[in-house]
Amino acid sequence: MFNHILKKTLLFAVILLVVWLVVVFYWQMTHRLPDAADVFIYFAILPLGLLLAYWVLKKFIDGIKYLLQAGGGATSGATAATANATSQVDNTDAQERSYMLELLATAVHLPQADSPASLLDLLQEPKFEPKPSTVLQTHLGSPVLCTEVEGLSVEALREELTPLTALHSPDHELLDSWLRSAILIQPILESLVKSAQEYLPVPDTGQALPTLHVHMLLPEAWPEPQRKWMGHWLKKTVFSGTWPQAKLIVTVQPCFGRLESAAVLDQWNVYLNREQLSDLCLLAAVDSAIDSTIVQDWERQDRLFSSANRKAVVPGEGAAGVLVRRVEKLSTQTEGTPRIALYRVASGQRDQSAKAGATVSGRLLSELAQHAMRAAHVEVVSLSGIIADTDHRSQRFTEVVNAASILGELKKEDDLVCWSPGLSMGYAGAAATLAALGAAKEHVAKEKKPVLWCLTQDEFERAAVVINTMPA
């Protein structure tokens, strides 16, 4: 830290000294007597301008380096994704490639499903049935089509949280979407904490109490103060008295709709296995677009679904979460209760945006899937399907279907079956991603065959993860 500050200070001093020497030399050579304005401009404004130009140029070069590294210098999206995926999975040593987490429990709260089991049933026959909202309207006064969780009342919570909001973020009023998100995610956290308590050591056995890591993904559109007080409120209402505070770590992170869910899980996978820790980790996400402010913004941005704009987004909402831990012991599994594992993430980046409008190739996703299968020691012939986090729009799901077709050719059978919770609901952000993971766990437990969990919400970034029963 000290060296970093010293380096910056020396750079600033060198720039000042050089500018001053050049300016003084110029004045002497031209026999010019500077006035007060000249002194201020050349001794203060010019050095600061040079520093600003240096900072901007450095940021630009760093951005170019990032893009080159992300794309791997490839000329196509598939090649770029392959290079990136290889760097993250295949270039690690054999032991780290085989790391896995045990999926202990999942929970979902969506407009048409309130459990992973009911969500899995819904996936078999997806029905996208947005309904006219009773409260949301377009600027023309027509009702907005949306998919919302019925029976949510925000007024009691608004009354409870108004003093807290006035204290921590007086400049922001409580939006309905924030309150609905709080109501949606609270039972998810309570359910998963209850599941975590089942893995506490037996009292008086001398075993140490595991640390519970709680990571909440909240919408990136929320102001930072709102995310902070939401985290504090949930920590107080959900975790107070249910888990020792000394063994509780709560993190609230903005979710930009990229690969945050997979990234957090993969970081836990490496961290817990490297350090041989017995910690429990809870990841939850929530999002809600059932709010007049959001609808107005989407309408201005031409993102709001309507009969004239069917490629746009339907406002929706939902919450989901998972509980995981490091696999500590591989024992013979009891009949009917398989232990489910989540393996390493293979991720990559397209060279063109998926919003370009053209049909999106599945080559990229299929190659990532093959990287993920190699890490999990799973053959393509054993795959039973793909569960993705795509929404109701056809383009992203077409990409998944195209990837399944490529994998199906490798399997030398019919195309793999593809499912997505998003086909039955509107926009739910990262909650849809974790809901897909919950459905994947439920499917593997039922069929005893591996599936691929695929992430496709971002314009550029893609990821694939194998979910499978643990080896006996």
Side-chain angles (χ1 to χ4, degrees), residues 74 76-90 97-98 100 120 123-124 126 259 261-262 266 340-352 354 358-391 393-423 432-433 436-437 439-458 460-469:
S76 68
T79 307
T82 303
N84 197 12
T86 301
S87 67
Q88 293 186 37
V89 179
D90 286 349
R97 283 203 304 272
S98 62
M100 56 184 169
L120 185 62
L123 294 184
Q124 310 307 317
L259 305 182
S261 300
D266 205 47
I340 311 300
L342 175 146
Y343 288 83
R344 295 299 306 277
V345 175
S347 62
Q349 194 166 17
R350 299 174 48 80
D351 64 340
Q352 292 183 344
T359 301
V360 181
S361 169
R363 178 71 59 183
L364 174 67
L365 201 56
S366 68
E367 293 186 357
L368 292 174
Q370 292 174 64
H371 283 292
M373 287 186 288
R374 281 196 292 271
H377 305 291
V378 167
E379 299 293 336
V380 67
V381 294
S382 65
L383 277 181
S384 62
I386 297 176
I387 298 184
D389 66 346
T390 57
D391 57 26
R393 293 172 292 180
S394 61
Q395 187 187 42
R396 301 296 172 86
F397 192 68
T398 300
E399 178 182 3
V400 177
V401 172
N402 290 340
S405 177
I406 295 172
L407 293 173
E409 292 176 6
L410 297 174
K411 192 176 179 180
K412 298 181 180 178
E413 293 182 9
D414 294 335
D415 294 348
L416 291 170
V417 181
C418 302
W419 302 280
S420 173
L423 296 179
T433 303
L437 177 55
K441 176 184 181 296
E442 196 74 16
H443 177 80
V444 172
K446 182 179 179 181
E447 300 296 332
K448 312 294 191 301
K449 292 182 179 180
V451 298
L452 281 167
W453 173 46
C454 293
L455 286 73
T456 64
Q457 286 195 13
D458 187 67
F460 296 95
E461 297 178 352
R462 297 289 181 268
V465 188
V466 169
I467 313 299
N468 195 11
T469 55

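We use all heavy atoms of the structure for the numbers below, so side chains are in, but hydrogens, waters and symmetry mates are not. Positions are given from 1, in the same order as the sequence printed here.
Looking at residues two or more places apart in sequence or on another chain, you find no salt bridge (charged side-chain N to carboxylate O under 4.0 Å, His left out) involving Asp389. Residues satisfying the side chain to side chain donor-acceptor pair (under 3.5 Å) criterion with Ser366, sequence neighbours excluded, are absent altogether. Listed by chain and residue number, nothing satisfies the salt bridge (charged side-chain N to carboxylate O under 4.0 Å, His left out) test with Glu442 (two or more places apart in sequence, or in another chain).
Annotation for Val451 and His443: closest pair CG1-CD2, 3.1 Å, computed over non-hydrogen atoms. Among all heavy-atom pairs drawn from Leu423 and Asp391, the shortest one is CD2-O, 3.7 Å. Of all heavy-atom pairs between Tyr343 and Ala376, the closest is CG-CB, 3.4 Å. Minimum heavy-atom separation, Arg350 to Glu399: NH1-OE2, 4.3 Å. Summarising the geometry of Leu452 relative to Met373, their closest heavy-atom pair is CD2-CG, 4.4 Å, with the distance given to 0.1 Å. Summarising the geometry of Leu368 relative to Ala346, their closest heavy-atom pair is O-CB, 3.5 Å, with the distance given to 0.1 Å.
A donor-acceptor pair under 3.5 Å is absent between the side-chain atoms of Thr469 and the main chain of Ile340, judged by distance alone. Checked by atom type and distance alone, the side chain of Ser261 never pairs as donor or acceptor with a backbone atom of Thr433 at under 3.5 Å.
Dense packing is recorded around CD of Glu447, with more than 12 heavy atoms of other residues, nucleotides or ligands lying under 6.0 Å away.
Checking Thr390, Asn402, Val400 one by one against Cys418, the side chain to side chain contact (heavy atoms under 4.5 Å, CB included) holds for a single residue, Val400. If you run side chain to side chain contact (heavy atoms under 4.5 Å, CB included) between Ile467 and each of Ile387, Val378, Val444, only Val444 comes through.
Using a 4.5 Å heavy-atom cutoff, the side chains of Leu123 and Pro421 are in contact. Looking at heavy atoms from C-beta onward, His377 lies in side-chain contact with Ser98 at the 4.5 angstrom threshold. Under the 4.5 Å side-chain criterion, counting only non-hydrogen atoms from C-beta, Arg363 is in contact with Ile406. Side-chain atoms of Trp419 and Gln124, non-hydrogen and from C-beta on, do get closer than 4.5 Å to each other. Taking 4.5 Å as the limit, every side-chain heavy atom of Lys441 sits out of range of all side-chain heavy atoms of Leu342. With a 4.5 Å cut-off on side-chain heavy atoms, Leu259 and Val345 do not count as touching.
Atoms CZ and OG1, from Arg462 and Thr456 in turn, are 5.5 Å apart once rounded to the nearest 0.5 Å.
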side-chain contact (heavy atoms from CB on, under 4.5 Å) assessment of Ile386 paired with Leu407: CA-CA 10 Å; Ile386 297 176; Leu407 293 173; 4.2 Å; yes
